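Step one of this worksheet: look at the structure below.
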Amino acid sequence: MTDNTPEQEQVVHAEVVLDETETQPTAEDLGLDLPENPDEAVNYLLVKLRDSRDEATSYLGDLKRVAADFDNYRRRAMREQAETTQRAAARVVEELLPALDTLDAALAMEPSTEAEEKLLAGIHRTREQILSILGAHGLEVVPALGEVFDPEVHEAVMSPSEGSGRLIVSEELRRGYRLKDRLIRAALVALEYEDNEQ
Amino acid sequence: MARAVGIDLGTTNSVIATLEGGEPTIIPNAEGARTTPSVVAFKEGEILVGEVAKRQAITNPDKTVRSIKRHMGESDWSIEVDGKSYTPQEISARILMKLKRDAEAYLGTEVTDAVITVPAYFNDAQRQATKEAGQIAGLNVSRIINEPTAASLAYGLEKEGDQTILAFDLGGGTFDVSVLEIGDGVFEVKATAGDTQLGGDDWDQVIIDWLVRNFENDHGVDLSKDRMAVQRLKEAAEKAKIELSSVAETEVNLPFITATAEGPLHLQQKLTRSEFEKLSSDLLDRVRGPFQQAIKDAGVEMSSVDHVVLVGGSTRMPAVQELVRELTGKEPHKGVNPDEVVAAGAAIQAGVLKGDVKDVLLLDVTPLSLGIETKGGVMTKMIERNTTIPTRKSEIFSTAENNQPEVEINVLQGERAMAADNKSLGKFRLTGLPPAPAGVPQIEVTFDIDANGIVNVSAKDKATGKEQAMTITGGSALAQDEIDRMVKDAESYAEEDRRRREAVETRNQADSLVHQTERVLEEQGSNLTDDERGPIDSALADLKEALASEDTSTDDLRSKMDHLAQVSQSAFTRMYQQAAEQAQAAGGPAGEAAGNDDEVVDAEIIDEDES
């Protein structure tokens, strides 16, 4: 398919074409001060050859390194690109968490009248609604109360009283959340040894 | 390819960085965080490091180690866990191991060599212990350098000859001031001073105390007795402190902070920056003492300090920066993230030691965009400005008119939308194109810039293989201010350019549509009914008339285009469906749409020579 016809019509600047004929280079061409004596000349050239080869090996090494770095970087960039949208959403959700905490605090109130009860019920439903919408985006509450203490997702803020056995979450001071399997906030908890419960 | 990294092994937090393309880059840990708490814990036979260790610290105080850095170099310190004894080096090694492991996972390559930083006042034993910790972690510690030195490297200060540098490090829990001298590329610590119990946490506490006080005055309730309230107050205080670094006033809003018999109570309090600074003025005063001490011990005059660098997140507070300005009479360097500047500098040192940073690999960029002129007199960019060179880019173009015998390549340099507003570096033609409808030929245009900035542009007709090329050498070199002017011009004309380009593109699209429609009518017109043909013909005529006039507005063109598309849509769809059904019935392959343009990647049109 590449039928390169030699007609070069209206050439503005000549293109440098591949040299078909390999010409023998001279010492002058290569900028070398070649000794007259043939044996000396050979040694001289051998040294030059070695140096050139070393240099080439060094450059090839650099080239491979940069190529490898680039390859890794490219793969990582693709990976991160996929994560970017997720992280943007995660940021918004994280910023909303204090507002969710406020709702939790509101619901911790004890109603003293029927009107208050009704109001709190409404707030409860509002919170459920918000959690449901965010849930569709991957937000999950970290199970805390009654769970075995897991520092991967729970942060202890009080030292438990003496006891034995496993540590169990006895109080949740602040809710923890996961977003699509990544922990965005650990639950703040108080703990009790299971042999101390009750 | 094994990597060299720089590690800031801090008292409360550690950071790891590497060089990427010569730039220091912070490597996030497995949890996605850029800093890792310097906490190690032993729990049920497992060793926890980082945030997870921190979270269980209070339940496991005897087996959780915080601030191990304070014990490095102490030969008599050890912790015994489950019958085994650990030295400070072994504990620090655990932190380094996590950093190493997570970095390898993130980078996808092995991490072998590291430069680790230490405070300027660390003695031999402390430095040795730090180096050992690295070795235990499986790292080749190519060097231990001082934190203020690393910060100076991050700002490239060693490139400026002999200097005196003052490093101001205010982190989460400690404050350090150091005076350094650089001579012949060698850093020497002249003096250090500080306060090991002064940090960002203290500023948070000032706000918390103030909130508690105000609330008690307003509501008679002491919030400090309520665990949940205290927690919310802590977070809100830190958030407020951070906000006040960039705005003059913030509001702390904590509804339902607590409840009494009368019902819920809400905390809502405005805090101004000046109020905050008044409240924390004692803390700021504590900075002055060590500062004066360091200057005195170094035996230098304040006026002979050449540079001031800021380290540690708390130096973001405007009051701190103002104090530094006041004390030094200089504008401090703060461009690099103060939490990460030490790790960044360590990474630079690591790169130099490993031989990563070689002059021969420093690359250039093209200062201005390069491209060609396409239909309508617009410039189509092929290589964006600031692209690293050497580089190469190819794109497929096509012809604008039917049976166009040649294309002219006008090589342009600049940022404006219209070709005439840019600089032409040269023109050449590719001739001998076989007759073909507009938009059908595939002309591959390639821009190739070598490491020396020499530009080679070629055009090749894929059908015949005919090729023409042009080489542009230093004639395109421009002075920096000329480059800046061209970029600025492009910005100020951006809106106008955008409209002109849009106008041209719409016109081109309309032209395409006309060609396309005419072709279909020519080939398949007989299959249309008169009812269908009529509206199409008239819409087509309308559009052609609009195109013929230079004055037709873009909107007008667009609406006529849409009209033609609309009336031809249903007719053509019906026609193709019919053809497909017939073809299927005949058992042959589904009829192909006339004019198979699928292979043309970019159907932009090159004009014939403009005479």
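Here is how names work: the chains are called A, B, and so on, in the same order as the sequence lines, proteins then strands, and each is numbered from 1. Note that the structure is a prediction, hence the values are computed from the model and not measured.
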Check your understanding: Which atoms form the tightest heavy-atom contact between Asp195(A) and Gly165(A), and what is the distance?
Key -> OD2-N, 3.8 Å
Check your understanding: Would you call Ile26(B) and Ile16(B) a side-chain contact if the rule is heavy atoms closer than 4.5 Å?
Key -> no
Point to revise | Side chain, backbone, both or neither of Glu171(A) within contact of chain B (heavy atoms, under 4.5 Å) | key: side chain
Check your understanding: With a 4.5 angstrom heavy-atom cut-off, which part of Arg79(A) approaches chain B: side chain, backbone, both or neither?
Key -> side chain
Practice item. On the 0 to 90° scale, with breaks at 30° and 60°, tag the His266(B)-Phe256(B) ring pair as parallel, tilted or perpendicular. Key: perpendicular
Practice item. Decide whether Thr250(B) and Glu243(B) meet the rule of one side-chain donor and one side-chain acceptor closer than 3.5 Å. Key: yes
Check your understanding: Looking only at side chains, do Glu51(B) and Thr36(B) share a donor and an acceptor under 3.5 Å apart?
Key -> no
Point to revise | Glu31(B) versus chain A, the contacting section by heavy-atom distance below 4.5 Å | key: backbone
Review point. Do any N or O atoms from the side chain of Glu40(A) and from the backbone of Pro35(A) form a donor-acceptor pair under 3.5 angstrom?
Key: no
**Study point:** Among His154(A), Arg182(A), Lys64(A), residue most engaged with chain B (heavy-atom pairs, under 4.5 Å)
**Key:** His154(A)
Check your understanding: Side chain, backbone, both or neither: which part of Glu80(A) has an atom under 4.5 Å from a heavy atom of chain B?
Key -> side chain
Review point. Tell me, side chain or backbone of Phe70(A) under 4.5 Å from chain B's heavy atoms, or both, or neither?
Key: neither
Review point. Considering only heavy atoms, which portion of Thr102(A) lies under 4.5 Å from any heavy atom of chain B: side chain, backbone, both, or neither?
Key: both
Point to revise | Interface moiety of Leu173(A) toward chain B, non-hydrogen atoms closer than 4.5 Å | key: both
Study note, to complete from the structure: With chain A, the option among Gln231(B), Glu20(B), Arg227(B) that has the most non-hydrogen atom pairs under 4.5 Å is Arg227(B)
**Study point:** Winner by heavy-atom pair count (cut-off under 4.5 Å) against chain A, out of Pro264(B), Ala259(B), Gly108(B)
**Key:** Pro264(B)
Check your understanding: Would Asp101(A) and Arg175(A) pass as an ion pair if we require N to O under 4.0 Å?
Key -> no
Review point. Which bit of Leu107(B) comes within less than 4.5 Å of chain A, counting heavy atoms only: side chain, backbone, both or neither?
Key: both
Point to revise | chain A contact via Lys43(B) - side chain, backbone, both or neither, heavy atoms under 4.5 Å | key: side chain
Check your understanding: Which answer fits Val157(A), side chain, backbone, both or neither, if we ask what part of it has an atom under 4.5 Å from a heavy atom of chain B?
Key -> both
Check your understanding: Using a cut-off of under 4.5 Å for heavy-atom pairs, which of Glu44(B), Lys54(B), Gln56(B), Lys239(B) has the most such pairs with chain A?
Key -> Gln56(B)
Check your understanding: When you check the side-chain N and O atoms of Asp54(A) and Thr57(A), is any donor under 3.5 Å from an acceptor?
Key -> no
Check your understanding: CG/Leu119(A) to NE2/His124(A) distance, rounded to the nearest 0.5 angstrom?
Key -> 14.0 Å
Point to revise | Top contributor to chain B interface from Leu188(A), Leu107(A), Val153(A) [non-hydrogen pairs under 4.5 Å] | key: Leu188(A)
Check your understanding: Are the side chain of Asn60(B) and the backbone of Ala41(B) linked by a donor-acceptor contact shorter than 3.5 Å?
Key -> no
